[in-house]
Participant: 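Have a look at the structure that comes next, please.
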Amino acid sequence: MTLPDSGQLAGLHQALDQWFAETARDLPWREPDCSPWGILVSEVMLQQTPVVRVLPVWLDWMERWPTPAHLADEPSGAAVRHWGRLGYPRRALRLHAAAVAMREQHDGQVPDNYIELLGLPGVGNYTAAAIAAFAFGRRETVVDTNIRRVHARLISGSALPAPALTAGEMRLADALLPDDRELSVRWNASVMELGAMVCTARSPKCADCPVRSSCAWLAAGEPPPSYVPKGQSWHGTDRQVRGAVMAVLREAVTPVPREMFEQAPADLGFAPSGVGIPLAALHRLNSAPEQLERALAGLLVDGLAEMHDGGLRLPA
DNA sequence: GATCCGTGGAT
DNA sequence: TATCCAAGGAT
């Protein structure tokens, strides 16, 4: 790996800055009038979730809960319900907890610095830096999966970053970050955008890349990854069962009796209100009783569900 | 540091 | 059809 000298680095900064100005997507959380709260919500929703799926839910949330206090005034189950099918519903729970924390400890405002942001539920290393940079214009070392991949190819000459974030990657990101505060904010956004739109994990569009002439990976002849990413299993897992149960709870207007999860409604002699389809999907999984038990217990422990009147419901 | 935690579009 | 993988965080 060869670090660019200061002149080369300035060239990279300039090239990506221009590329971003010309081609970046118009996303509502990038609008100048978007509130810090809107940016915070977008960052949490975007964790492990593509932009196209986030957009409609984010718009709904902003209309429904325009400030942290609006969300904090609701039961946490409302956040989970309106999270819809974004996935990882714990994020909704933590977003609600973060809203409560902001109301109780930050005068209802989104904290404007990395340290305090990091103290919010569901806000980790990446998200704290991203909010500090994009909502408050701070110079932060933002490192997400896109930025890691761009750095790996452009500077390190490897096809993919290491399986887990390393200290070396953070040092590299520090070294590449423009000294100028405003430029550093745009640099973070543009490297991320490049990774999302051009320097993608599979079949990168190198012909469209504004810095392809500087790319160490291209110069090395596009060597293949040095390891095989291990896939996320899904079928037959507890996660799949949890997901199916959550789909039922999101649709339910009243608590869903326990037996309903184990037995078809028809066999119980009555139909549930509005949960027919997700309930059928759950039953189609035909999971073992102990697996269903684990899933339900896990959801209760995590606070994604609660018992009420002998049934299960989202926290009210 | 390894695991767990959802979902669905793309390939 | 099966696998990949997306603006990670918490434990």
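In what follows, every chain begins at residue 1, and chains take the letters A, B, ... in the order their sequences are listed.
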Participant: Do A:W58 side-chain atoms and A:G38 backbone N/O form a donor-acceptor pair below 3.5 Å?
Facilitator: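 Confirmed, A:W58 side chain pairs with A:G38 backbone.
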Participant: Check whether any side-chain N or O of A:R250 sits under 4.0 Å from OP1 or OP2 of B:dT7, and answer yes or no.
Facilitator: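 A:R250 to B:dT7 OP1/OP2: side-chain N or O found under 4.0 Å.
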Participant: Which part of the nucleic acid, if any, lies within contact of A:G124, taking any heavy atom under 4.0 Å across all strands shown: a base, the sugar-phosphate backbone alone, or nothing?
Facilitator: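 Here A:G124 touches the backbone only, sparing every base.
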Participant: Rounded off to whole Å, could you give me the CZ-to-P distance for the A:R202 and C:dA2 pair?
Facilitator: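 Going from A:R202 (CZ) to C:dA2 (P), I get 16 Å.
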Participant: Return the 5'-most residue of the pair A:P121, A:L27 with respect to DNA chain C, ranking by each residue's nearest nucleotide.
Facilitator: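 The residue mapped nearer the 5' terminus is A:L27.
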Participant: Could you tell me whether A:R30 and A:E193 make a salt bridge, using a distance below 4.0 angstrom between a side-chain N and a carboxylate O?
Facilitator: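 Salt bridge flag = yes for A:E193 with A:R30.
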Participant: May I have the distance from A:Q48 (atom CD) to C:dA10 (atom P), rounded to whole angstrom?
Facilitator: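 Result: 13 Å.
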Participant: When we call it a touch if two heavy atoms are under 4.0 Å apart, what does A:R148 touch: a base, just sugar-phosphate, or nothing?
Facilitator: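 Here A:R148 touches no strand at all.
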Participant: Please state the P separation for the pair B:dC5 and C:dA7 - nearest whole angstrom.
Facilitator: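 Comparing P positions in B:dC5 and C:dA7 gives a spacing of 22 Å.
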Participant: Would you indicate what A:D302 reaches in the nucleic acid, counting non-hydrogen atoms under 4.0 angstrom: base, sugar-phosphate, or nothing?
Facilitator: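 Touches nothing.
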Participant: Select base, sugar-phosphate, or nothing to describe what A:W29 touches, counting heavy atoms under 4.0 Å on all strands.
Facilitator: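 A:W29: base contact, heavy atoms under 4.0 Å.
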Participant: So for A:R239 and B:dC4, does any side-chain atom that can act as donor or acceptor lie under 3.5 Å from a complementary atom in the base?
Facilitator: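 A donor-acceptor contact between them is absent.
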Participant: Is there a Watson-Crick or G-U wobble partner for C:dA2 with both distances under 3.5 Å, and if so, which one is it?
Facilitator: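 B:dT11 is the nucleotide pairing with C:dA2.
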Participant: Checking all strands, does A:A130 fall into the base, sugar-phosphate, or nothing category for heavy-atom contacts under 4.0 angstrom?
Facilitator: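 It contacts nothing in the nucleic acid.
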Participant: Do A:T127 and C:dG9 share a donor-acceptor pair, side chain to base, under 3.5 Å?
Facilitator: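 Such a pair does not exist between side chain and base.
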Participant: How close or far is atom P of C:dA6 from atom CG of A:L86, stated in whole angstroms?
Facilitator: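 Those two atoms, CG and P, are 17 Å apart.
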Participant: For C:dG9 versus B:dG8, give the span between their P atoms, rounded off to a whole number of Å.
Facilitator: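 To the nearest whole Å, 22 Å.
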Participant: Between C1' on B:dC4 and CZ on A:R90, what's the gap in Å once rounded to a whole number?
Facilitator: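 After rounding, the reported distance stands at 6 Å.
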Participant: Per the atom types in the model, does the base of C:dA7 pair as donor or acceptor with the side chain of A:E193 at under 3.5 Å?
Facilitator: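 No.
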Participant: Starting at the 5' end of DNA chain B and moving along, which residue's nearest nucleotide shows up first, A:R242 or A:V52?
Facilitator: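 Going by which nucleotide is closer to the 5' end, it is A:R242.
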Participant: With a non-hydrogen cut-off below 4.0 angstrom, is A:R294 in contact with a base, only sugar-phosphate, or nothing?
Facilitator: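 The residue A:R294 makes no contact with any strand.
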Participant: Does C:dA6 have OP1 or OP2 sitting under 4.0 Å from an N or O in the side chain of A:T145?
Facilitator: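 Checking C:dA6 against A:T145, a side-chain N or O does come within under 4.0 Å of OP1 or OP2.
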Participant: Regarding A:I147, tell me which of base, sugar-phosphate or nothing describes its non-hydrogen contacts under 4.0 Å with the strands shown.
Facilitator: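 The residue A:I147 makes no contact with any strand.
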Participant: Identify whether any heavy atom of A:R53 sits under 4.0 Å from a base atom; if not, whether one sits that close to sugar-phosphate; answer base, sugar-phosphate or nothing.
Facilitator: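 Base: the residue A:R53, judged by heavy atoms under 4.0 Å, touches a nucleobase.
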Participant: How far apart are the C-alpha atoms of A:W83 and A:W61, what are their side-chain angles, what is the distance that settles it, and do they pass the ring-ring contact (aromatic ring centres under 6.0 Å, His included) test?
Facilitator: CA-CA 9 Å; A:W83 194 252; A:W61 271 52; 5.7 Å; yes
Participant: Answer with yes or no whether the side chains of A:D17 and A:Q14 bring together a donor and an acceptor at under 3.5 Å.
Facilitator: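 No, A:D17 and A:Q14 have no side-chain donor paired with an acceptor closer than 3.5 Å.
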Participant: So what does A:A164 hit on the nucleic acid, given a heavy-atom distance under 4.0 Å: a base, only sugar-phosphate, or nothing?
Facilitator: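 No contact.
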Participant: Is there a side-chain contact between A:R85 and the phosphate of B:dG8, meaning an N or O under 4.0 Å from OP1 or OP2?
Facilitator: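 For B:dG8, OP1/OP2 do have a side-chain N/O of A:R85 under 4.0 Å.
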Participant: For a quick check of understanding: with a heavy-atom distance under 4.0 Å over all strands, which category does A:Q232 fall into, base, sugar-phosphate or nothing?
Facilitator: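 Base: the residue A:Q232, judged by heavy atoms under 4.0 Å, touches a nucleobase.
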Participant: Using 4.0 Å as the upper bound for N to carboxylate O, is an ion pair formed by A:R242 and A:D238?
Facilitator: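 A salt bridge is absent here (no side-chain N lies under 4.0 Å from a carboxylate O).
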Participant: Find the distance A:R94:CZ to B:dC4:P and express it as a whole number of Å.
Facilitator: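 These atoms are roughly 16 Å apart.
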Participant: Taking CH2 from A:W234 and C1' from C:dA6, how many angstroms apart are they, rounded to a whole number?
Facilitator: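 From A:W234 CH2 to C:dA6 C1': 15 Å.
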Participant: Give the rounded distance in Å between these two atoms: NE2 of A:H235 and P of B:dG8.
Facilitator: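 Answer to the nearest Å: 12 Å.
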Participant: Can A:Y126 and A:E43 be said to form a side chain to side chain donor-acceptor pair (under 3.5 Å), step by step?
Facilitator: CA-CA 9 Å; A:Y126 159 75; A:E43 288 299 343; 2.7 Å; yes
Participant: Taking CE from A:M246 and P from B:dC5, how many angstroms apart are they, rounded to a whole number?
Facilitator: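 Distance, rounded to whole Å: 13 Å.
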Participant: Nearest of B:dC5, C:dG8, C:dC5 to any side-chain atom of A:Q47?
Facilitator: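 Nearest to the side chain of A:Q47 among the choices is C:dG8.
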Participant: Is it true that A:E293 and A:R258 make a salt bridge, defined as a side-chain N closer than 4.0 Å to a carboxylate O?
Facilitator: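 The answer is yes: the pair qualifies as a salt bridge.
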